[in-house]
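None of the values given here were measured: they were computed from a predicted structure. In each ligand, atom 1 is the first atom listed, and ligand 1 is the first ligand listed. Below, each value reflects all heavy atoms present in this structure, side chains not excepted, and no hydrogens, waters or symmetry copies.
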Amino acid sequence: MTTFNEFKLSSDILKALNGLGYHEATEVQAQVIPTILNKEDLMVQSKTGSGKTASYGIPVCEQIDWEENKPQALILTPTRELAVQVQEELMHIGRFKRLKVVAVYGKSPFKDQVRELKQKTHIVVGTPGRVLDHIERGTLNLQQIKSVILDEADEMLNMGFIETVEMILKMTPKARQTMLFSATMPNAIKKLAKNYLSQPTEIKIESKSIATDLVEHALYPVRMQEKVRLLQELLTVENPGRCIVFCSTREAVDALYQGLKAKGYPVNRLHGGMEQRDRLEVMRNFKMGQFSFLVATDVAARGIDVSDLTHVFNFDLPEDQESFVHRIGRVGRAGKVGKAITFVTPFETKLLEQIQAYIGFELPVIERPVATEVEKARAAFEAKLKERPKIKVQKHADVNKEIMKIYLNGGKKKKLRAIDFVGTILSIDGVEKEDIGIIDIQENVTYIDILNGKGWSVIDGLKTKTIKGKKLKVQKAYN
Ligand code: ADP
Ligand code: MG
């Protein structure tokens, strides 16, 4: 067992980890954290759900120099959802160090991202295409980049981003530290590592079979037209708290979602054809427990971390074996047991064989539940459907509790700078420098994070004070 105290981490970071409920380092963290702190380049192969984000997030946050205004770390991820997830995790880790972590990704207003990047930014997380866009337009400055992380490198390869990733790497300073994380190490990734990493330390965490350990498997041979019925029967019998149902195409997701919705199930959907705003909202609501069943395609659900997920359904078999592993990786996380239910039609025997060869074992075929079994389970299932959804307290609530964002109705137009706000806030009794978090100055408004539960004292204090001689309206921000 390795506790985080064993690494040379500052108290700000340790305090944040404590708030997140991270007490012991996971296996990958125990190996990766000291290696990164030791400034080595790194190649890590480790299964999904092993805590990779924090394994680089902790040492990267530790190494950031708060005083520097230009970005010092760049993290590339294959999807927008992952970029947001990583950004949130890093923000939580760096909270007390007051680190500003910005996520940039496609289909989201360029202008807003430019505005964020113009201000003090310590860490940038983004998808390769949008990151390159910012670099080319001169809105993302790479001069001070000291670390570059490629997260889910194999997936970036699958999605055709590898050339973009190379272009970005070429533009970052040569003296950088480069870290590559991947669930698998296909040749193209090894080659990338050879060209862009310098004498990397290789860390491979032998995953025990994804199957036997924490995930119980069940295979149901079924004809195409019977799939929806079988799904309903199994949902009834299994009565999962929350689950993801994977389909192979957007159209299949839409069709199944409409069907389940019409039957009154607490269901929503996620696929790459949806607006970015809607995708993020669906994920947020799913994480908070506002609905129980998520129908999704592979890409949209890649790497997504939802606590207490008990079941995944492979409603359609995935096209490639790695996607199967990634789907299954959504359950059996953080030491909890999960169940993976896979449908296979008579035309998919070949595909199934390939998957079984890849994972190294055969999925056990299970008899379809008989009608009496389904009937017996129905009352409990329907009772659960009728329950009002329990809104989950977000995992990070502890850290957030002490932080309040305040709003002030003045910004750049009034020529206000961070130092003006800091000066006035520090003149309030009982408020110290450590209580002031991220300051986001926009054209006409400013948002400031106040830490350590002092939000209301600052609001009250500011009501009788001026900032650079100007009287501003101040209130708790609601966004
Ligand atoms: P990966 O990137 O390897 O798929 P994640 O970084 O998404 O894994 O982490 C999986 C889950 O484990 C997340 O919910 C994360 O908050 C949690 N986690 C990470 N490190 C720890 C830790 N040291 N203790 C407890 N939970 C952790
Ligand atoms: Mg990850």
Side-chain angles (χ1 to χ4, degrees), residues 1-7 9 13-34 36 42-61 75-95 103 125 127 149-156 158 179-184 203-208 210 214-215 242 244 283 286-288 299 301-309 312 322-323 325-336 338 392-400:
M1 171 185 134
T2 314
T3 64
F4 291 106
N5 294 322
E6 288 166 42
F7 311 112
L9 298 171
I13 303 287
L14 288 172
K15 186 172 159 197
L17 295 178
N18 203 33
L20 284 166
Y22 295 2
H23 302 297
E24 272 172 46
T26 65
E27 206 181 339
V28 68
Q29 290 163 0
Q31 295 199 39
V32 168
I33 294 172
I36 296 183
L42 193 62
M43 255 175 107
V44 182
Q45 185 175 358
S46 162
K47 73 166 180 177
T48 170
S50 51
K52 288 193 285 294
T53 318
S55 81
Y56 62 77
I58 293 167
V60 163
C61 286
I75 298 159
L76 299 177
T77 68
T79 68
R80 303 165 209 151
E81 281 79 5
L82 260 179
V84 170
Q85 193 171 289
V86 168
Q87 186 250 352
E88 286 176 351
E89 175 116 3
L90 265 57
M91 193 182 77
H92 290 301
I93 294 171
R95 196 109 226 186
V125 188
T127 48
I149 288 121
L150 312 179
D151 198 357
E152 306 246 9
D154 51 351
E155 186 59 13
M156 291 201 277
N158 290 344
M179 292 144 270
L180 184 154
F181 291 78
S182 208
T184 58
I203 294 177
K204 183 169 177 184
I205 307 288
E206 286 301 336
S207 46
K208 294 185 207 110
I210 46 145
L214 289 169
V215 182
R242 274 191 292 179
I244 303 184
M283 268 324 299
F286 189 49
K287 286 184 179 185
M288 297 207 347
V299 168
R302 164 69 54 137
I304 288 303
D305 183 59
V306 177
S307 57
D308 302 332
L309 198 65
V312 285
E322 277 166 37
S323 292
V325 174
H326 275 280
R327 289 178 177 188
I328 305 309
R330 297 313 102 215
V331 290
R333 294 172 81 81
K336 292 199 188 103
K392 295 236 178 256
V393 182
Q394 288 243 288
K395 176 168 68 189
H396 302 302
D398 263 5
V399 189
N400 284 326

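- Of the polar atoms of His23, none of the N or O atoms is found under 3.5 Å from an N or O of ligand 1, judged by distance alone.
- Note: an N/O pair closer than 3.5 Å links Gly51 and ligand 1 by distance alone.
- For atom 26 (N) of ligand 1, the nearest non-hydrogen atom from the set Tyr56, Tyr22, Phe181 belongs to Tyr22.
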Starting from the C-alpha separation in whole Å, work towards a yes-or-no answer on side chain to side chain contact (heavy atoms under 4.5 Å, CB included) for Leu76 and Ile149.
CA-CA 6 Å; Leu76 299 177; Ile149 288 121; over 6 Å; no
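- Those atoms of ligand 1 with a heavy atom of Phe4 less than 4.0 angstrom away are 23 (N).
- Within the listing of ligand 1, atoms 2 (O), 5 (P), 6 (O), 7 (O) sit less than 4.0 angstrom from a heavy atom of Thr53.
- The backbone N or O of Asp154 sits less than 3.5 Å from a side-chain atom of Ser182, completing a donor-acceptor pair.
- With rounding to the nearest 0.5 angstrom, the SG atom of Cys61 is 4.5 Å from the CG atom of Leu90.
- Ligand-side atoms of ligand 1 in range of Glu24: 22 (C), 23 (N), 24 (N), range being under 4.0 angstrom from any heavy atom.
- How far CZ of Phe181 is from CD1 of Ile75: 9.5 Å, rounded to the nearest 0.5 Å.
- Annotation for Pro34 and Phe7: closest pair CD-CE2, 3.6 Å, computed over non-hydrogen atoms.
- Every atom of ligand 1 is numbered from 1 in the order shown, and the set under 4.0 Å from a heavy atom of Lys52 is 1 (P), 2 (O), 3 (O), 6 (O), 8 (O).
- The structure places CE of Met156 at 10.5 Å from OG1 of Thr79, a figure rounded to the nearest 0.5 Å.
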